Amino acid sequence: GTLAGALEVRQIPSGDGRVTATVEGDIESVDKILRITRIRVRYALRIPAGTRPAADRALATHESKCPAAMSVRGCIELAITADVTEEEEA
């Protein structure tokens, strides 16, 4: 995905389950038509120690480059948060 690519560009590995996401949405009746009104994305990132500033930059900028986020912008409220864990190298 877009976030994984943004991390990789910054030399932060994103494979092996290092980036996961939990996504929830709200469906409401709007003018008697069911619509998705809100989407919440919560990322869980495991990053190498010392890479937090670069990971934070990736998180801050990825939404504006994400095709899915750009497709719903202005139509569906989107909230993106992240739990970031820095890990010492093995």
Side-chain angles (χ1 to χ4, degrees):
T2 304
L3 178 57
L7 292 168
E8 292 286 343
V9 163
R10 292 166 174 81
Q11 307 302 308
I12 300 172
S14 64
D16 298 325
R18 293 180 174 274
V19 178
T20 61
T22 302
V23 182
E24 297 176 324
D26 296 335
I27 298 173
E28 299 177 19
S29 178
V30 178
D31 297 327
K32 297 184 182 181
I33 299 171
L34 292 179
R35 293 190 52 185
I36 299 169
T37 55
R38 281 179 292 286
I39 298 172
R40 291 174 298 284
V41 179
R42 184 168 198 88
Y43 287 111
L45 306 180
R46 292 182 305 132
I47 61 172
T51 62
R52 180 66 186 255
D56 286 344
R57 285 193 302 278
L59 284 163
T61 61
H62 93 282
E63 182 180 342
S64 65
K65 300 184 181 358
C66 175
M70 292 293 89
S71 295
V72 301
R73 179 183 242 168
C75 301
I76 299 173
E77 181 183 322
L78 181 62
I80 299 174
T81 58
D83 295 320
V84 181
T85 303
E86 289 188 71
E87 299 180 330
E88 295 299 324
E89 297 205 26

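Everything numeric here is computed off the predicted structure, so don't read it as measured data.
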_Gap between atom CD1 of I76 and atom CD1 of I39 - 0.5 Å precision_ = 4.5 Å

*For the atom pair CD1 (I36) and SG (C75), what is the distance rounded to the nearest 0.5 Å?*
11.0 Å

*Any side-chain heavy atom of I47 sitting closer than 4.5 Å to one from R52?*
yes

_Within one Ile-Leu-Val-Met-Phe-Trp-Tyr cluster: Y43 and V72, side-chain cutoff 4.5 Å_ = yes

*Looking only at non-hydrogen atoms, find the nearest pair between T2 and P67 and report the distance.*
OG1-CD, 3.5 Å

*Under 4.5 Å between any side-chain heavy atoms of L45 and L7, yes or no?*
yes

*Short side-chain to backbone donor-acceptor contact, E63 and A69, under 3.5 Å*: no

*Tell me, which pairs form a salt bridge (charged side-chain N to carboxylate O under 4.0 Å, His left out) where one or both residues lie in residues 9-25, sequence neighbours left out?*
R18-E87, E24-R40

*Measure the CD-CZ distance between E86 and R46 for me, rounded to the nearest 0.5 Å.*
13.5 Å

*Nearest heavy atoms of A54 and I12, plus distance in Å*: CB-CD1, 3.8 Å

*Between R42 and T81: side-chain donor-acceptor atoms closer than 3.5 Å*: yes

*With hydrophobic residues grouped by side-chain heavy-atom distances under 4.5 Å, do V23 and L59 end up in a single group?*
yes

_Does atom CZ (R38) have a neighbourhood of more than 12 heavy atoms from anything else shown, all under 6.0 Å?_
yes

*Between SG of C66 and CG of L78, what distance do you get to the nearest 0.5 Å?*
8.0 Å

*Which distance, rounded to the nearest 0.5 Å, do you find between the CG of L3 and the NE2 of H62?*
5.0 Å

